[in-house]
Amino acid sequence: MEAKAGKTMNLSRNYQKLISAAVTLLGVVCIPQMLLSSGKGLDFSNSFLSVLLWGLSFPAADRALWKDKVLKGRTAWGFFGAFLFVMACLFGSRLEAAGYVDFTDWRMWVSIPLLTFFFGLLIGELWIWLEGKRVIPVCREEHMHGFRENLMVFLLFMLVWGIILLAVYPGFFVYDAQDEFNQVAMRQFTTHHPLLHVLLLGGIISLGNKLFSSYNTGIALYMLFQMSVMAGCFTYILAFFRKRGTVRWFRIVSLLYFAFFPVIQMYVLCSAKDTLYSAGMLLVIVLLLQLFEEKESFGSWKKFVLLSAALFCMAAMRHNGFYIMLLMIPVMFLASGREKRKKALAAGIGALALYFLVTGGLGRVLHAQAEENQEMLTVPIQQLARVYACSPSVMTQEEQETLLVFLPEEALKRYTPKLSDSVKIDFNNERYKENPSLFWKLWWSVGGKAPAAYLNAWLLTSYGFWYPDAVIDVYRGNTVFTYTYEDSSYFGFETELPGVRESKIPLLNEWFRRLSLEVFQQKVPVISMLFSPGFLFLVYLSGLLFLMKQKDYVRMLAFLPVVLNWLTVILGPTYLVRYVLIFWFALPVLGYVVSTGKLCYTNGKTGISGKMNE
């Protein structure tokens with residue numbers, strides 16, 4: 001009888017393996033639907049790579065199906081994440097290859113459930129592995145040597161970035177920099193750019209030019225100011241890791257990452273407002289982690305003042321930061337715990353009051369002209385322009401004439417799929433203010449007849465934020481001061497007037513030119529993904545869903561500013577690294593949170609609760 005039972009069990013296990021092999025095969029067969037293909041589309045399917053992927057995936061899928069009980073609800077969030085990943089790759093690969101998504105392609109729709117199930121199993125296995133690897137750091141008080149260590153870290157950042165500054169001297173003066181500086185130089189201000197950043201940038205450059213008779217020196221002074229701010233910010237993050245007792249290798253890797261990773265170096269030495277905006281958001285994230293977790297050490301008003309200042313910086317440096325701050329105030333109040341709610345609310349209200357005081361006061365004192373409407377209408381403007389350019393027969397003569405009321409024909413002819421700037425720049429704000437309902441009736445009427453064109457128009461200006469293999473070439477063909485964009489628009493490499501590039505280390509300057517304007521880094525497997533906004537989006541998505549699976553909702557809320565920032569930029573004019581710079585800045589913080597449990601208090605002592613405590 002025992003031999004018969006063993007034989008039956010073995011037979012059942014063989015059937016299980018056959019099912020696992022079939023599930024893995026179906027997933028691998030559908031993978032070409034997610035990939036860019038050339039020629040006859042045999043790049044992956046007629047390749048040994050497909051066999052290799054099947055062989056590597058089979059054991060994980062088999063464990064997930066039969067041993068780890070993944071299908072009994074343990075990884076519902078994993079299957080949700082897999083669905084979003086699959087949709088991103090299915091849509092993104094078509095947008096990248098063909099410039100549109102064919103929503104009538106039945107193969108795409110059939111592959112969605114199969115791929116979701118396949119990748120859901122693999123994500124479940126990954127999360128089970130992460131659960132087993134989570135560590136239990138011990139919080140500790142900072143000692144006297146903490147100040148010396150912080151000073152050494154700060155000086156290391158300044159030294160490394162100082163060498164880069166010499167290589168790209170006087171710095172990357174680009175991305176609206178000339179416009180912001182001209183506002184100060186000509187004393188003609190608008191609210192198109194945050195006035196505080198306009199005054200900081202233009203004021204420091206003007207001061208440098210006045211003192212040293214050199215605009216380059218003024219630009220370099222601004223870069224030194226920003227370097228100091230960023231060095232202080234990253235030093236605070238590393239001190240936070242040290243206080244939480246994270247392992248030494250993690251702190252060293254984080255230090256080297258902050259100091260040497262090219263994307264961070266580029267933006268530390270870039271005049272774009274996104275750097276200070278992302279720095280403020282990074283501090284908000286770390287301070288929220290402390291606010292939500294620490295019941296004693298966050299009790300002083302000093303940290304609440306710092307939180308208020310970080311919220312203000314985030315809001316004052318980009319317009320979308322203001323809306324993020326508004327949404328975070330009630331979250332801070334509800335998630336901070338009963339004993340800290342009043343102070344958390346005071347920090348939020350204080351940041352809000354300071355924002356209105358500074359921005360409103362500067363606007364009145366400088367007589368700044370109000371922001372134009374097209375920044376808020378980027379998506380509908382691009383949608384109407386796409387229909388006009390690609391499917392004009394959809395629109396009636398009356399609708400075309402109405403469209404020309406708001407957008408001249410010259411602008412509509414400049415339509416490019418990945419960038420709305422060339423169209424929206426000529427939007428007639430006066431006519432919109434006179435009759436906004438006319439614009440929205442037109443938009444609704446045309447959209448009802450061309451929903452696929454509308455959806456493609458939006459996807460094409462945003463897919464670089466969620467598709468990992470997207471090439472950032474949105475400025476292709478655009479001529480700027482010193483070059484014409486070609487294969488890549490990864491970073492605005494130049495120094496705009498009144499500055500002039502005077503590199504002291506030409507070899508290093510060439511390194512950054514290649515990273516910025518060529519698909520140089522994208523030719524290196526694995527490493528290329530560290531430069532991809534779409535890949536980092538998937539990393540954050542997986543990490544935050546993992547925290548939800550762990551029911552670690554409070555610490556997940558600390559990353560809500562990152563999520564809200566992403567939701568605002570996918571409605572923007574195009575996809576660029578600078579709009580999601582926080583993905584790179586906060587990456588070590590995400591790694592810390594995912595790899596550890598949540599703080600708890602037992603018998604008056606601070607500890608970490610997680611799977612390893614149970």
Side-chain angles (χ1 to χ4, degrees), residues 64 68 70 72-85 88 116 119-137 139 237 240-241 244-247 250 254 281-295 298 324 327-328 330-332 334-337 344 466 534-567 580 582-601 606-614:
D68 296 318
V70 170
K72 294 186 177 181
R74 286 188 63 191
T75 57
W77 288 115
F79 284 106
F80 177 66
F83 171 74
L84 295 180
F85 167 66
T116 298
F119 282 106
L121 295 177
L122 299 185
I123 289 174
E125 281 295 293
L126 172 64
W127 285 359
I128 289 171
W129 177 82
L130 280 175
E131 287 176 343
K133 294 294 182 180
R134 298 187 98 191
V135 297
I136 308 179
C139 285
I237 304 307
F240 167 77
F241 290 157
R244 290 297 175 91
T246 54
V247 291
F250 181 82
S254 298
M281 184 177 291
L282 176 60
L283 286 177
V284 168
I285 292 168
V286 173
L287 289 164
L288 287 179
L289 283 174
Q290 297 177 68
L291 173 66
F292 296 157
E293 291 182 330
E294 299 177 9
K295 296 185 178 180
F298 209 93
I324 295 172
L327 292 171
M328 289 307 302
V331 172
M332 289 163 47
L334 295 173
S336 58
W466 42 265
F535 178 77
L536 290 189
F537 160 73
L538 295 174
V539 169
Y540 276 81
L541 174 67
S542 180
L544 296 181
L545 288 177
F546 174 73
L547 293 177
M548 294 185 72
K549 177 184 179 294
Q550 298 296 107
K551 298 183 179 180
D552 197 352
Y553 303 120
V554 173
R555 292 205 300 170
M556 185 207 67
L557 285 175
F559 289 90
L560 187 56
V562 180
V563 177
L564 295 173
N565 177 74
W566 183 84
L567 290 174
V580 286
I582 188 62
F583 279 172
W584 283 269
F585 282 8
L587 191 58
V589 183
L590 178 69
Y592 158 76
V593 173
V594 168
S595 64
T596 63
K598 51 189 175 181
L599 284 171
C600 69
Y601 294 82
T606 304
I608 301 287
S609 69
K611 190 173 183 63
M612 294 181 68
N613 290 79
E614 299 171 0

> Heavy-atom distance under 4.5 Å between the side chains of Phe546 and Leu126, does that happen here?
Replying inline: no
> With Leu536, which of Leu587, Leu590, Leu541 fulfils side-chain contact (heavy atoms from CB on, under 4.5 Å)?
Replying inline: Leu587
> In terms of ring plane angle, is the pair Tyr592 and Phe240 parallel, tilted or perpendicular, where the classes change at 30° and 60°?
Replying inline: perpendicular
>> For Leu288 and Leu557: C-alpha separation, side-chain torsions, deciding distance, then whether side chain to side chain contact (heavy atoms under 4.5 Å, CB included) applies.
In response: CA-CA 8 Å; Leu288 287 179; Leu557 285 175; over 6 Å; no
> When rounded to the nearest 0.5 angstrom, what is the spacing between CD1 in Ile123 and CG in Leu130?
Replying inline: 11.5 Å
>> Is it true that, when you exclude Phe250 itself, more than 12 heavy atoms of the residues, nucleotides or ligands shown sit nearer than 6.0 Å to its CZ?
In response: yes
> What's the spacing between Lys551 NZ and Trp77 CH2 if we round to 0.5 Å?
Replying inline: 11.5 Å
> Where is the tightest heavy-atom contact between Gly120 and Ala82, given as atom of each residue plus distance?
Replying inline: N-CB, 3.4 Å
> Would a 4.5 Å heavy-atom cut-off, applied to side chains only, mark Val562 and Ile285 as touching?
Replying inline: yes
>> Contact between Val589 and Leu289 at the side-chain level, heavy atoms closer than 4.5 Å - yes or no?
In response: yes
> Does the side chain of Met328 reach to within under 4.5 Å of the side chain of Leu564, using non-hydrogen atoms?
Replying inline: yes
>> Minimum heavy-atom separation for Val331 and Leu327, please, with both atom names.
In response: CG2-O, 3.4 Å
> Which value, rounded to the nearest 0.5 Å, describes the distance between Glu125 atom CD and Leu122 atom CG?
Replying inline: 8.0 Å
>> Measuring only between side-chain heavy atoms, which start at C-beta, is Leu538 closer than 4.5 Å to Leu84?
In response: no
>> Ring-plane angle category for Phe583 and Tyr540, please: parallel below 30°, perpendicular beyond 60°, tilted otherwise.
In response: parallel
>> Measuring from atom CD1 of Ile582 to atom CH2 of Trp566, what distance do you get when rounded to the nearest 0.5 angstrom?
In response: 16.0 Å
> Say you draw a straight line from CE of Met556 to NZ of Lys549; how long is it, rounded to the nearest 0.5 Å?
Replying inline: 15.0 Å
>> Do Leu547 and Tyr553 have side chains that approach each other closer than 4.5 Å (heavy atoms only, starting at C-beta)?
In response: no
>> Within the 4.5 Å heavy-atom criterion, are Glu293 and Val554 side-chain neighbours or not?
In response: no
> Which distance, rounded to the nearest 0.5 Å, do you find between the CG of Leu287 and the CG of Leu282?
Replying inline: 9.5 Å
> Any sub-3.5 Å donor-acceptor pair from Ser336's side-chain atoms to Leu291's backbone N or O?
Replying inline: no
> What residue among Phe537, Phe535, Phe119 forms ring pair (Phe, Tyr, Trp, His ring centres under 6.0 Å) with Phe85?
Replying inline: Phe119
> What are the two closest non-hydrogen atoms of Pro561 and Ala558, and how far apart are they?
Replying inline: CD-O, 3.3 Å
